[in-house]
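Working notes, structure below.
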Amino acid sequence: MSETVVRFAPSPTGFLHIGGARTALFNWLYARHTGGKMRLRIEDTDRARSTQAAIDAILDGLAWLGLAWDGEPVFQFARVERHRAVVEEMLARGTAYRCYCTAEELEAMRARAAAEGRPPRYDGRWRDRDPAEAPAGVAPAIRLRAPQEGETVIEDAVQGRVTFPNADLDDLVLLRSDGTPTYMLAVVVDDHDMGVTDIIRGVDHLTNAARQVHIYQALGWDVPRMAHIPLIHGPDGTKLSKRHGALGVEAYREMGYLPAALRNYLVRLGWSHGDQEIFSADEMIALFDLDHVGRSAARFDFAKLENLNGQYIRAAADADLLADFRVALPYLPGGAAAKAKLDAGLWEAFAAALPGLKERAKTLIDLLDGASFLLADRPLQLDGRAEALLTDEAKARLRALAGDLAGLSEWNAEAAEAVVRRFAEQEGVKLGQVAQPLRAAVTGRAVSPPIFDVLAILGRQESLARIADRAG
RNA sequence: GCGCCCAUCGUCUAGCGGUCCAGGACGUUGCCCUUUCACGGCAAAAACACGGGUUCGAGUCCCGUUGGGCGCGCCA
């Protein structure tokens, strides 16, 4: 038994979307589980739509998710000569033929089929026609001489045995009239040349799989094992679109999700291991198998992702979480500004506050928000509503409190709390409303956010309003 | 239209003929904890799409219906 080789083969026409990320994850898990390799192939044969930016986004997305591939990425376009050579061979052996149909002709063919209620398929008009009849000035496309009768069977690792009537699969184009290879041809040749043993991809490729089998057969090559995994749909069950979660993985990074949490969420979309919900990377690798991949499409659910992310944040060791946060910070909204402001002292303060902060954070953005009292400009300003609500006397009382806090010779949670407790009693507000932010901030370290700051920055307008009421 | 696939709580799913008056998780609701929020604890509501078979017995097997998805390019 030779080593397993899988591949992830995105086309660089956009970012790495969530479905692609899961396909990559499944491939990666399968490779790691079997001790094999995952290769990366960039399917850039569509020159017009392929961009370097998309290639970068895909590579970056995979790296962020921690899905490392083996060896150098293969760029499909660089292999055109090989693809052409294979087609030449097929031509010579009669498993492919030249088709002189024009685009208009094909268009008419499809239109007629639609009008007559027939499936839109190439009718094979050049299949057995004498090349001598070729019209002058028309560059031919090369088509596969596909079997017209019988059926093609795919033994799929997740879909089971799937049978296609060959009558429904027409003679696909292998080489375009401009001499460039099509996706169908390139995939087969590249998978073969790269030694791919297992193809794991979305079910949207299932029909393609049958046609590709025809190419393998025409070439006399072994067909790799295949596993077509179900697609991910939007929350409403329809195809994932922009307004759902069809964002690039970098968008999830910007929303403050941890790659480990996203991975965990993704692996449970379609795959399960009994009732287990949380999997470390090592566990996933050890337990992942194609047998337990379901066949029905899953809907993307942000609420569950968020919950999972919160669990990961809470469970993370402080040092690890701090490291993750530092790495992610530049990508978070307002993160760049925060990063610029965080000097060594503030980082220390942040690290001190982290144990308290992470208990109530579901995303890294929540963590950043929670630390806003550390980052706000001094002296602090009350927000407009509070400014309007508070009487001068109330403001003075708040400032006095701030003074009391700032004046504490030894700053710690108990001392601060004592001051705050007195204030709370005076003002008739609940201690928890002011003490909790303090506790989160202080946690015994030399951080001193005066309560004035805390109230103003956290924008607790309802508290301020209540204080204002009491004050006059 | 034709082909292929899918169908268990709102969502992700467990279930591979009896141990399922269907289990877990998210979400929702209630209670507890908490002098805010969150976390945590407890509890509740919530599903085998429908109809036929097969079988002593079906969520589990077969067929059909309905609903949904994917594919049908000289795109990938």
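Every chain is numbered from 1, with letters handed out A, B, ... down the list of sequences.
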Check whether the side chain of A/Lys304 and the base of B/A25 form a donor-acceptor pair under 3.5 Å. yes

Assign [X] to base, sugar-phosphate, or nothing according to its heavy-atom contacts below 4.0 angstrom with the strands shown.
| X | answer |
| --- | --- |
| A/Leu308 | nothing |
| A/Gly294 | nothing |
| A/Ala298 | sugar-phosphate |
| A/Pro120 | base |
| A/Thr180 | nothing |
| A/Thr163 | sugar-phosphate |
| A/His228 | nothing |
| A/Glu277 | base |

Once the angle between the rings of A/Phe279 and A/His273 is folded into 0 to 90°, is it parallel (under 30°), tilted (30 to 60°) or perpendicular (over 60°)? perpendicular

When the C1' atoms of B/G59 and B/C48 are compared, how many Å lie between them, rounded to an integer? 4 Å

Quote, to the nearest angstrom, the P distance that separates B/G52 from B/G3. 27 Å

Does OP1 or OP2 of [N] have a side-chain N or O of [X] closer than 4.0 Å?
| X | N | answer |
| --- | --- | --- |
| A/Arg314 | B/G40 | yes |
| A/Thr45 | B/A76 | yes |
| A/Asn307 | B/A25 | no |
| A/Arg268 | B/C12 | no |
| A/Lys362 | B/C39 | yes |
| A/Arg110 | B/C74 | yes |
| A/Thr182 | B/C74 | no |
| A/Arg176 | B/A76 | yes |

Cation over ring face, A/Arg263 and A/Tyr265, 6.0 Å, 45°: no

Hey, which sits more toward the 5' end of RNA chain B by its nearest nucleotide, A/Arg211 or A/Asn208? A/Arg211

Over 12 non-hydrogen atoms of neighbours within 6.0 angstrom of CZ in A/Arg98: no

Does atom CZ of A/Arg161 have more than 12 heavy-atom neighbours, drawn from other residues, nucleotides or ligands, at distances under 6.0 Å? no

Between A/Arg82 and A/Asp190, is there a side-chain N and carboxylate O pair less than 4.0 Å apart? no

Assess whether a salt bridge exists between A/Arg7 and A/Asp191, defined as any Lys/Arg side-chain N lying under 4.0 Å from an Asp/Glu carboxylate O. yes

Interatomic distance, [X] [atom1] vs [N] [atom2] [rounded to whole Å]:
| X | N | atom1 | atom2 | result |
| --- | --- | --- | --- | --- |
| A/Leu231 | B/C5 | CG | P | 16 Å |
| A/Gln276 | B/G23 | CD | C1' | 15 Å |
| A/Glu306 | B/C26 | CD | P | 14 Å |

